[in-house]
Amino acid sequence: MLERGEVANSWRHERWDSLRLLTPSWQSRLPGLRYEGPDPDGYMTMGEVTEFIERFAKVSGAPVRTGADVTSVRRAGDGYHLTTSGGEIDCRAVVIASGACNRPAVPPFADAVPASVEQLTPLRYRHPAQLPDGGVLVVGASATGVQLAAEIQQSGRPVTLSVGEHVRLPRTYRGRDVLWWMDAAGVWDQRYDEVEDLTRARRLPSPQLVGTPERTTLDLNALTSMGVELVGRWAAVRDGRALFSGGLRNMFSLADLKMERLLDTFDEWAEAEGLDAEVGPPGRFAPTRAPQAARLHLDLGSGEIRAIVWATGFRPDYGWLDVPVVDAKGQLRHEGGVVDSPGLYTLGLPVLRRRRSSFICGIEDDAREVIDHLARYLAVRR
Ligand SMILES: Cc1cc2nc3c(=O)[nH]c(=O)nc-3n(C[C@H](O)[C@H](O)[C@H](O)COP(=O)(O)OP(=O)(O)OC[C@H]3O[C@@H](n4cnc5c(N)ncnc54)[C@H](O)[C@@H]3O)c2cc1C
C-alpha cells in the first residue's frame, strides 16, 4: 500500500478545523473495527477520525509504505510499472484508492475575479480568521458550503451564499438521525446496477448536513435565519461583476419535493416494518424560504466582497496515471470498480457499487467484491 503522505492523510491535512463527520460514529465501521467510544450517536472530530483510521492500519496489519508518492503507473507486459518517490515497482495488478476529492472543482470564470478579492478552496480553508474582514461569497450550498457559510457568518463576516442544485435533508427525522433512516430503510444499500441514472447519481452533490453535538439541522432556512444572504447559481463574471441565475424559488421547490419523497420512503418503510410505535410521529418541514428579490449580480470590485470560498465540489486527480482509462470529464472508466484495463481496479468513488460507496461505511462490502474479482484475475493468470 503506497501512501504519499501519512496514514489518514486527507483527514489530517485537507480538512478545516471545525469539521466533524456528518455520518454518526456508529456508522464508521471498517472491516473488523467498529466505533467503541462513549458517543455512538455523535460525530467524530478530525482528530478522532485520524485516530480511528490509524487504529485500523494497526489492527488490519496493512503493509503501508508512507511517504511513497506514485508519480506514474503504466502498462508493462501483462502488468504495470509504477514510478514512486521511493523507487520503481513492477506488479501484476493495481488498486487505485487515491480518493475522489483530491482537487477542488473551481469553475474557469474564477480567473476573471478581480485580484482584490481573495479566493480560497476548502482544501486550504482552515478557519474564518484566515479570511480578511468584510463580506465573503461562499459558492455552493452542499455539505461543505452550508457548513462554511454558517461558520464564516458567525465569525462576523457577512456571507452571501450562491446556491445551485442541492440535496436538502433534516439532521433528524422522527427522533432518529436521517442517516439511520437511510441505512435502515436500505436507501444507502441500493446497488449501482439498480440506479436509474448512474451518471447523475455519481455526480449528485453531498447532502446539506453537519455533525454537531446538538444535532443541528443546517438547511437554507437555518442559514437565512442566521443572516446569510442567498443568491442563485453563479453563472459567469462579466466586467468584474458576478452574475447569478434566477429561479431560486424553483430550485428550492425541487429540493423540498425530493426531501419529502425521501421522507415518504422512510414512513412507508417504518409502517411496513411495524416500527411506527418505536419512532416519533411522521412530520414535514417548512418549505425553503426564498428571498423576496434575490440579487442577480454583485460588483466584485466594490469592496463588498473581500473573499470567495469555492465550495463547488471536488475532483479526483489522476495526473499520475499513464493508462488511457480516464474520460473527458476526468473520471475513471470502470464497471463497479473494475477499471477498463486488465488488472486495474478502483475503490472509494461515488456509487462505485452502492450509494454509500464513497463513505467510510461503504468500503467494506465494495472492497470484498472488487478484491474477489482481483483474486480471480490473478488466479487465472497464475
Ligand atoms: C470535506 C469532506 C467531508 C467528508 N465527510 C465524510 C463523512 O462525514 N463521513 C464519511 O463516511 N465520509 C466523508 N467524506 C468522504 C471521505 O473522503 C471518504 O469517506 C474517505 O475518506 C475515502 O477514503 P479513501 O481512502 O478512498 O480516500 P482519501 O481519504 O482521499 O485517501 C486517498 C489517499 O490516497 C493518497 N494518494 C492520492 N494520490 C496518491 C498518489 N499518486 N500516490 C500516493 N498516494 C496518493 C492521498 O494522500 C490519500 O491519503 C468526506 C469527504 C470530504 C472531502
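Owing to the predicted nature of the structure, the values given are computational and were not obtained by experimental measurement. Ligands are counted one by one from 1 in listed order, and the atoms in each one are counted from 1 as well. Side chains included, hydrogens not; waters and symmetry mates left out as well; all remaining heavy atoms used.
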(Q) Yes or no, since that's all I need: does a protein heavy atom fall within a distance strictly under 4.0 Å of atom 45 (C) of ligand 1? (A) yes
Quick look: Ser98 vs ligand 1, heavy-atom contacts under 4.0 Å, and the answer is both
Under 4.0 Å between heavy atoms, the region of Trp320 that gets near ligand 1 turns out to be side chain
Any heavy atom of Ala97 under 4.0 Å from ligand 1? The part involved is backbone
Quick look: Ser206 vs ligand 1, heavy-atom contacts under 4.0 Å, and the answer is neither
Atoms of ligand 1 under 4.0 Å from any heavy atom of Asp69, numbered from 1 in the order shown, are 40 (C), 41 (N), 42 (N)
query: Would you call Asp366-Arg353 a salt bridge at under 4.0 Å N-O?
result: no
For atom 26 (O) of ligand 1, the closest protein heavy atom turns out to be Gly348 CA, 4.0 Å
Before accepting this row, confirm whether a basic side-chain N of the pair Lys58/Glu54 lies closer than 4.0 Å to the acidic partner's carboxylate O.
-> no
for atom 47 (O) of ligand 1, nearest protein heavy atom and its distance come out as Glu3 OE2, 2.7 Å
Note: Tyr318, heavy atoms under 4.0 Å from ligand 1, region reported as neither
heavy-atom search around atom 3 (C) of ligand 1 in the protein gives Leu19 CD2, 4.2 Å
Open item on the list: Taking Asp317 first and then Arg4, would you say they form a salt bridge - that is, a charged N and a carboxylate O separated by under 4.0 Å?
Closed with: no
Check ion pair Glu36-Arg55 (N to O, under 4.0 angstrom): no
Cys101 heavy atoms within 4.0 Å reach ligand 1 at atoms 53 (C)
Of Arg20, Met1, Arg15, Arg356, the residue with the heavy atom nearest atom 17 (O) of ligand 1 is Arg15
Say whether Trp16 and ligand 1 are in contact under the criterion: heavy-atom distance to a ligand atom below 4.0 Å.
yes
Contact region, Trp11 to ligand 1, non-hydrogen atoms below 4.0 Å, reads side chain
| query | Ring centres of Phe109 and Trp234 under 6.0 Å apart? | reply | yes
shortest atom 10 (C) of ligand 1-to-protein heavy-atom contact is with Phe359 CD2, 3.4 Å
Short version for Ser358: what comes under 4.0 Å of ligand 1, heavy atoms counted, is backbone
For the pair Asp264 and Arg284, find out whether any cationic side-chain nitrogen is under 4.0 Å from an anionic carboxylate oxygen.
yes
So is Val70 polar-close to ligand 1, meaning N/O to N/O under 3.5 Å?
yes
Checklist entry - Are the charged groups of Lys329 and Asp327 less than 4.0 angstrom apart, N to O? => result no
| message | Closer than 4.0 angstrom, basic N to acidic O: yes or no for Arg157 and Glu118? | response | no
Nearest non-hydrogen protein atom to atom 11 (O) of ligand 1, with distance, is Ile360 N, 2.7 Å
Ligand 1 atoms nearer than 4.0 angstrom to some heavy atom of Thr23 are 7 (C), 8 (O), 9 (N), 10 (C), 11 (O)
- prompt: Honestly curious: do Val370 and Tyr80 fall in one hydrophobic cluster under the side-chain, below-4.5 Å linking rule?
  reply: yes
re atom 36 (N) of ligand 1, the protein heavy-atom contact at minimum distance is Arg4 NE, 3.7 Å
Ligand 1 N/O within reach of Leu347 N/O, cut-off under 3.5 Å:
no
Verify the contact flag for atom 24 (P) of ligand 1, where contact means a protein heavy atom under 4.0 Å away. no
